[in-house]
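Note sheet for the following structure.
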Amino acid sequence: TWALYEYLQNAKNGWSKLEEPEEGCIVISPTGLGKKGTHGHVGFVLRDNVIASNSSWPNTLGKFLKNFTVDKWLSYYGAMNYPIYYFKKK
């Protein structure tokens, strides 16, 4: 997630940072910025603040699922001290 975060931050790559989530944007909590020994994550914000991302849970490992809401993401990754960033294509 760190490499993607660096890419998204670089304005020449055509992405802009948002203050609030919007349908179709990327949500990212980059590895290395949260609690030591944990991993960040990236997903896509869909309609009604639902987030879809790949699953890391054993029973759904590797599947792309609607597995968060914005509030649940904020709670889960916020509890590990991750920042939450939103980006959209310019």
Side-chain angles (χ1 to χ4, degrees):
T1 57
W2 182 257
L4 177 58
Y5 177 60
E6 286 187 323
Y7 179 86
L8 293 170
Q9 286 190 102
N10 188 331
K12 74 176 184 179
N13 292 324
W15 292 86
S16 59
K17 197 174 194 179
L18 303 171
E19 293 299 317
E20 298 292 327
E22 294 179 6
E23 184 178 337
C25 76
I26 290 175
V27 56
I28 188 167
S29 294
T31 298
L33 298 183
K35 183 179 175 183
K36 186 176 180 177
T38 64
H39 297 281
H41 203 54
V42 64
F44 298 95
V45 178
L46 307 177
R47 185 178 306 137
D48 299 324
N49 282 330
V50 171
I51 295 175
S53 68
N54 71 306
S55 175
S56 299
W57 298 103
N59 60 335
T60 56
L61 184 62
K63 293 185 179 182
F64 192 74
L65 304 170
K66 295 177 183 176
N67 51 0
F68 284 94
T69 63
V70 169
D71 287 342
K72 286 181 182 176
W73 187 288
L74 291 169
S75 176
Y76 185 78
Y77 288 99
M80 293 185 283
N81 298 318
Y82 277 97
I84 290 89
Y85 300 113
Y86 306 101
F87 290 91
K88 73 174 184 177
K89 194 74 172 159
K90 291 182 185 176

Taking the side chain as everything from C-beta on, heavy atoms only, tell me whether [X] gets closer than 4.5 Å to [Y].
| X | Y | result |
| --- | --- | --- |
| V42 | V27 | no |
| I26 | F44 | yes |
| L8 | Y85 | no |
| N10 | N13 | yes |
| Y82 | H41 | no |
| L46 | E23 | no |

How about [atom1] on [X], more than 12 heavy atoms from neighbouring residues, nucleotides or ligands closer than 6.0 Å, or not?
| X | atom1 | result |
| --- | --- | --- |
| K90 | NZ | yes |
| Y86 | OH | yes |
| K66 | NZ | no |

Worksheet item: Are F87 and I84 in one and the same hydrophobic cluster, where Ile, Leu, Val, Met, Phe, Trp and Tyr link if side-chain heavy atoms are under 4.5 Å apart?
Response: no
- Do L65 and W57 share a hydrophobic cluster (ILVMFWY, side-chain heavy atoms under 4.5 Å, transitive)?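 Different clusters: L65 never reaches W57 through Ile, Leu, Val, Met, Phe, Trp or Tyr contacts under 4.5 Å.
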Interatomic distance, NZ@K88 vs CD@E22, rounded to 0.5 Å, equals 4.5 Å
Taken to the nearest 0.5 Å, the spacing of S16 OG from K89 NZ works out to 9.5 Å
request  = Taking all non-hydrogen atoms of both residues into account, name the closest pair between P83 and P30 and its distance.
outcome  =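 Reported closest heavy-atom pair: O-CD, 4.2 Å.
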All heavy atoms of T31 vs all of G40, minimum pair found to be OG1-N, 2.8 Å
Donor-acceptor list for residues 69-80 side chains, cut-off 3.5 Å, not counting sequence neighbours:
unit_1, atom_1, unit_2, atom_2, d
T69, OG1, K72, N, 3.1
W73, NE1, S29, OG, 3.0

*asked:* Main chain of V50, side chain of D48: is a donor-acceptor contact present, judged purely on distance under 3.5 Å?
replied: no
**Study point:** S53 side chain vs G43 backbone, donor-acceptor pair below 3.5 Å
**Key:** no
